[in-house]
2 protein chains.
Amino acid sequence: REVYEAISPADFFYRNREIAGFDNPVRATYTIVRELVENSLDACETHGILPSVYVSLTETGRAGVYRIRVEDNGCGVPKEYIPSAFGQILFGSKYVLRQTRGMFGLGGKMAILYGQITTHSSVKIISGTGGPVKYQCELMIDIQSNKPILLRGGIKTLPNPLYWHGTIVEFEFEGDYSRSKGRILDYFRQTAIILPYANISFITPEGIYYRFLRVTDKLPKIPKEVLPHPKGVDVELIKRLVKRTRSDRMVDFISYNFHRVGRKTALALLKRAKIDPNKDPKELTSDEIVKLVNAMKRYDNFLPPDASCLSPIGPELLVKGIEKELKPEFVYAVQRKPSSYSGHPFIVEAAIAYGGGVQPPKPGEINLYRYANKIPLLYDTASDVSFKVIKSIKWSRYRIDLEMPIAFFVHIVSTKVPYKTVGKEFIADIPEVAYEIEWALKTCARKLKSYLMSKIRRIAIERR
Amino acid sequence: REVYEAISPADFFYRNREIAGFDNPVRATYTIVRELVENSLDACETHGILPSVYVSLTETGRAGVYRIRVEDNGCGVPKEYIPSAFGQILFGSKYVLRQTRGMFGLGGKMAILYGQITTHSSVKIISGTGGPVKYQCELMIDIQSNKPILLRGGIKTLPNPLYWHGTIVEFEFEGDYSRSKGRILDYFRQTAIILPYANISFITPEGIYYRFLRVTDKLPKIPKEVLPHPKGVDVELIKRLVKRTRSDRMVDFISYNFHRVGRKTALALLKRAKIDPNKDPKELTSDEIVKLVNAMKRYDNFLPPDASCLSPIGPELLVKGIEKELKPEFVYAVQRKPSSYSGHPFIVEAAIAYGGGVQPPKPGEINLYRYANKIPLLYDTASDVSFKVIKSIKWSRYRIDLEMPIAFFVHIVSTKVPYKTVGKEFIADIPEVAYEIEWALKTCARKLKSYLMSKIRRIAIERR
Ligand SMILES: Nc1ncnc2c1ncn2[C@@H]1O[C@H](COP(=O)(O)OP(=O)(O)OP(=O)(O)O)[C@@H](O)[C@H]1O
Ligand SMILES: Nc1ncnc2c1ncn2[C@@H]1O[C@H](COP(=O)(O)OP(=O)(O)OP(=O)(O)O)[C@@H](O)[C@H]1O
Ligand SMILES: [Mg+2]
Ligand SMILES: [Mg+2]
């Protein structure tokens with residue numbers, strides 16, 4: 001009587017596309033722009049390339065139907081991976097432990113899929129990796145089997161006389177620019193603030209040409225791939241590491257597989273878990289795996305993650321961007337030391353701006369600017385962990401009340417940003433992350449308190 | 001330099017488990033209880049069975065490790081589907097167009113997966129479909145390949161002398177009952193309010209035995225599977241229907257494949273899309289598919305969905321439940337006529353309660369009780385479409401202000417509830433749904449306004 005069936009991941013996200021940020025044509029327009037821009041920025045930054053991203057959104061003449069074209073000078077996609085990279089959900093190059101904007105292996109594809117189901121048209125991809133040829137193809141997604149369908153005879157090889165590297169993605173979709181343009185422009189502006197080394201241009205359906213020009217040629221350091229941090233590992237991770245390890249002794253297995261764990265720490269851990277350091281990892285019993293995971297969870301002396309794998313904005317650049325954008329009377333930014341959750345290193349940066357051009361928030365709201373891995377997060381602020389942290393802090397202790405002209409900035413960089421939604425709208429309430437946000441904001445709050453108290457004293461003195 | 005790979009859906013949700021409601025041990029405890037209870041309630045209600053669900057959550061003696069056991073008298077799972085139903089992500093019996101709590105094909109599995117990665121132990125399943133035998137097995141999930149691993153020699157056949165039908169799921173996991181118990185008890189209480197025909201019992205880790213006894217033997221009508229509603233279809237849906245249709249004329253294809261669309265409407269539609277009614281559906285060109293979809297989107301004369309496929313709570317039961325729970329001075333409930341979005345029929349029910357036992361909300365907050373397909377939604381209220389609708393209504397027009405002792409209730413039933421998150425926490429901002437919520441609340445607001453005005457008059461008269 002019940003009909004039992006399996007569906008493909010593409011079918012799952014087609015049926016539940018609001019889960020990926022495609023709730024309605026307005027939100028879809030925003031999501032399509034951001035997913036493609038984030039792919040382009042990743043393709044540049046992870047390869048030490050100064051990003052140049054060209055976005056054009058034009059009307060096609062059919063009501064509500066737009067054409068989007070995004071071009072970048074990033075690393076490009078090798079020929080053999082082009083169909084899957086753009087046509088297979090849960091496929092990509094960002095499943096490794098490294099700080100990138102992308103992480104799910106579906107953002108670009110969902111944008112393409114949405115275009116396909118609203119206009120029944122294909123996506124055109126051109127990509128070059130800096131070699132003597134570049135490649136072009138047109139494809140659609142077979143949603144039920146989650147496979148790319150190459151059209152027009154497959155991938156064409158084109159001459160590449162300038163040895164160009166980059167990617168061009170172009171397709172049509174049904175959207176609503178007029179109701180999403182406010183957020184789209186905010187997205188570009190806030191991105192430009194924290195990416196002073198990027199050239200971004202945006203041609204709108206109304207024919208307006210926005211250009212955000214780079215003001216520096218200095219790229220931040222490239223985020224590196226890392227080993228998992230030992231704090232917060234789970235049984236599945238241990239099982240996978242054991243499966244592919246070449247170490248035949250537990251002490252080697254532990255010291256080669258985790259971030260900043262050396263022989264001494266490995267021996268201390270194995271002692272606590274009561275596991276013989278010379279035991280072959282592949283002979284661990286189920287019970288021993290659990291003991292090891294619990295010992296790792298309770299061990300307090302792990303070195304914190306190395307900041308070198310992460311690429312934060314930095315306090316000076318954060319302050320500069322805030323000053324340029326809001327012209328506050330006071331601003332203070334702080335960058336916390338690295339921490340980790342579930343094996344993932346992360347860094348929280350925060351800032352508080354007060355007065356000057358900062359407006360008091362609407363009643364019941366908070367001026368909260370959020371970023372994660374250098375992506376501005378513009379939706380669902382009230383569900384974000386930062387919002388919850390701000391609500392829980394006793395601001396009166398800092399002579400601050402939330403109805404003042406005050407603005408909060410929180411940026412999280414991590415090898416895995418703990419988004420609550422596939423549409424990357426807001427961040428989940430992870431205890432270690434909430435803790436770091438709270439202390440970052442309290443540090444800024446203390447500075448604002450000193451400023452406000454000295455201001456009060458100065459005014460009192462002036463009055464006498 | 002970039003490493004390209006695909007991952008399985010199980011691996012995706014393992015890596016991103018906060019997306020499925022497993023942000024931290026507190027939230028995981030809640031999610032595990034609700035996912036299993038919702039599976040049990042579906043298994044009963046969709047088969048006309050008065051639900052009896054027994055939940056026990058016990059401490060195992062190991063710190064933070066609980067054992068959960070959920071037993072129901074539902075339809076059970078046939079032997080051949082047991083491993084996939086409980087061990088393969090994106091597998092289930094709820095992919096059809098019918099009102100059920102489950103819809104994604106992963107909730108129960110994610111609970112099992114979370115138990116597995118925190119305790120490295122297996123899940124025990126016993127299930128019977130009312131036949132002379134029942135089945136028992138123990139399994140774990142191979143996450144990287146998204147397959148069940150049957151332990152202890154596979155599925156065992158056991159005698160079933162009482163011809164029992166039902167399912168028992170039992171496994172261990174790392175959780176935090178003390179910090180999640182408030183919400184878990186709210187979940188049971190709010191479920192019991194709207195399910196007066198269900199027996200639910202819950203044994204807590206503290207040894208407390210909660211029993212919610214049924215007060216009626218009258219089951220609501222069983223939700224029926226339906227054809228998609230023609231309003232809001234997309235190209236992919238048309239393509240799939242065309243692929244499996246046996247109709248060889250468009251007029252038959254249209255009138256057999258959509259909810260409440262007859263020959264007359266089919267002909268009118270095909271005329272607008274300029275498609276020959278006698279054309280073979282399998283010969284539709286890409287262009288014609290788009291024309292058809294657009295014609296269907298713009299056609300205004302479709303009959304609204306038939307309410308018979310949906311199973312709302314109903315105004316009397318809603319009022320009864322609110323009165324029992326909150327003892328308000330005034331309460332009014334309304335059930336809107338069926339509407340649809342993206343081809344999915346839905347009904348909105350709403351109520352407003354005022355005064356009496358209703359407390360004024362905390363500053364900046366709203367007393368908003370939300371339900372979807374009879375599931376109480378207890379998290380992320382501020383992101384829900386209902387919250388946004390309430391914030392956007394001009395309450396002063398109804399002599400209401402949001403700081404009064406006022407409580408709002410919104411229930412949505414649909415063949416597909418448009419959740420924004422895989423953890424089913426809150427509902428996406430779908431225009432058609434927001435519209436229905438707005439008018440349902442305004443209808444209640446008008447009744448409250450009359451009540452308040454007559455109360456003011458009565459008080460004024462008494463004072464003279
Ligand atoms: N502009 C681009 N330049 C180079 N590679 C790209 C580009 N766009 C996509 N890719 C490749 O295609 C893959 C899939 O992209 P997609 O957006 O679907 O997923 P993702 O970026 O990995 O993760 P997410 O879903 O979080 O965006 C990427 O991992 C990347 O390897
Ligand atoms: N207690 C139960 N009784 C009968 N069938 C069940 C039970 N629990 C699970 N099933 C079957 O297993 C399938 C998978 O359950 P699972 O919770 O993983 O997904 P779902 O309920 O279909 O969707 P969702 O992810 O939204 O919960 C169900 O569709 C149902 O057919
Ligand atoms: Mg991407
Ligand atoms: Mg379920």
Side-chain angles (χ1 to χ4, degrees), chain A residues 1-9 11-12 14-16 18-19 23-24 27 46-47 75 77-78 81 84-85 88 90-93 95-96 103-105 116-121 143-144 234-236 240 286 289-290 293 363-364 380 382-383 416 418-423 426 428-431, chain B residues 1-9 11-12 14-16 18-19 23-24 27 46-47 75 78 81 84-85 88 90-93 95-96 103-105 116-121 143-144 234-236 240 286 289-290 293 363-364 380 382-383 416 418-423 425-426 428-431:
Chain A
R1 303 267 318 284
E2 294 284 298
V3 175
Y4 296 86
E5 51 181 318
I7 61 171
S8 77
D11 203 352
F12 176 81
Y14 157 66
R15 292 167 184 247
N16 302 300
E18 57 278 343
I19 285 188
D23 318 26
N24 51 55
R27 184 74 75 106
T46 14
H47 294 265
C75 57
V77 183
Y81 297 118
S84 293
Q88 182 179 334
L90 299 189
F91 182 93
S93 60
Y95 289 128
V96 296
M103 58 190 282
F104 296 136
Q116 177 176 316
I117 64 173
T118 54
T119 65
H120 199 38
S121 57
I143 297 176
Q144 281 182 298
D234 59 60
V235 163
E236 174 72 11
R240 289 185 194 189
S286 180
I289 291 184
V290 178
V293 169
D380 297 316
S383 290
K416 181 193 150 204
Y419 292 109
K420 185 75 185 151
T421 59
V422 173
F426 62 97
D429 191 353
I430 307 288
Chain B
R1 300 269 317 287
E2 293 285 297
V3 175
Y4 295 85
E5 52 181 317
I7 61 170
S8 77
D11 204 351
F12 176 81
Y14 157 66
R15 291 166 184 248
N16 302 300
E18 56 278 346
I19 285 188
D23 318 26
N24 51 56
R27 184 73 76 106
T46 14
H47 294 264
C75 56
Y81 297 119
S84 293
Q88 181 179 333
L90 299 189
F91 182 93
S93 61
Y95 288 129
V96 296
M103 59 190 281
F104 296 135
Q116 178 176 316
I117 64 173
T118 53
T119 64
H120 200 36
S121 57
I143 298 176
Q144 282 183 295
D234 59 59
V235 163
E236 174 71 12
R240 289 184 193 190
S286 181
I289 291 183
V290 177
V293 169
D380 296 317
S383 290
K416 180 193 150 199
Y419 294 109
K420 184 74 186 152
T421 58
V422 173
E425 280 111 348
F426 61 98
D429 192 353
I430 306 288

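- There is no contact between A:Ser121 and chain B, counting heavy-atom distances below 4.5 Å.
- The main-chain N or O of B:Lys416 is never found under 3.5 Å from a side-chain atom of A:Arg15 such that the two would form a donor-acceptor pair.
- Taking B:Ser84, B:Gly364, B:Ala428 one by one and counting their heavy-atom pairs under 4.5 Å with chain A, the maximum is reached by B:Ala428.
- With a threshold of 4.5 angstrom between heavy atoms, B:Tyr4 approaches chain A through its backbone and through its side chain.
- Taken to the nearest 0.5 Å, the CD atom of A:Glu18 stands 10.0 Å off from the OG1 atom of B:Thr421.
- In this structure, the portions of A:Pro9 lying under 4.5 Å from any heavy atom of chain B include both its backbone and its side chain.
- Contact annotation for A:Val422: both backbone and side-chain heavy atoms come within less than 4.5 Å of a heavy atom of chain B.
- Between the side chain of A:Arg1 and the main chain of B:His47, no donor-acceptor pair closer than 3.5 Å is present.
- Interface summary for chain A: among B:Cys75, B:Pro431, B:Gly92, B:Pro78, the most heavy-atom pairs under 4.5 angstrom belong to B:Gly92.
- For A:Thr119, the part lying near chain B is the backbone, with the side chain staying farther off; criterion is any non-hydrogen pair under 4.5 Å.
- In terms of heavy-atom pairs under 4.5 Å with chain A, the best-connected choice from B:Val290, B:Ile289, B:Val96, B:Val293 is B:Val290.
- A:Gln88 touches chain B through its side chain: at least one heavy atom from C-beta onward sits under 4.5 Å away, while N, CA, C and O do not.
- If you take CD1 on A:Ile7 and CZ on B:Phe104, they are separated by 10.0 Å, rounding to the nearest 0.5 Å.
- By number of non-hydrogen pairs under 4.5 angstrom with chain A, the leading residue of B:Arg240, B:Gln144, B:Gln116 is B:Arg240.
- Closest of all the heavy-atom pairs between B:Pro418 and B:Ile430 is CB-CG1, 3.6 Å.
- Residue A:Phe12 touches chain B through its side chain alone, counting heavy-atom pairs closer than 4.5 Å.
- Contacts between A:Tyr14 and chain B at a heavy-atom distance below 4.5 Å involve the side chain alone, from C-beta outward.
- A:Asp380 meets the salt bridge (Lys or Arg N to Asp or Glu O under 4.0 Å) test with B:Lys388; sequence neighbours excluded.
- Contacts between A:Tyr419 and chain B at a heavy-atom distance below 4.5 Å involve the backbone alone (N, CA, C, O).
- When the salt bridge (Lys or Arg N to Asp or Glu O under 4.0 Å) test is applied to B:Glu425, the partners found at least two apart in sequence or on another chain are A:Lys420, B:Arg27.
- Heavy atoms only, all atoms of each residue included: B:Asp23 and A:Asp429 are closest at OD2-N, 3.9 Å.
- Of all heavy-atom pairs between A:Phe91 and A:Tyr95, the closest is N-OH, 3.6 Å.
- Residue contact with chain B, scored on non-hydrogen atoms closer than 4.5 Å, involves the side chain of A:Asn24 exclusively.
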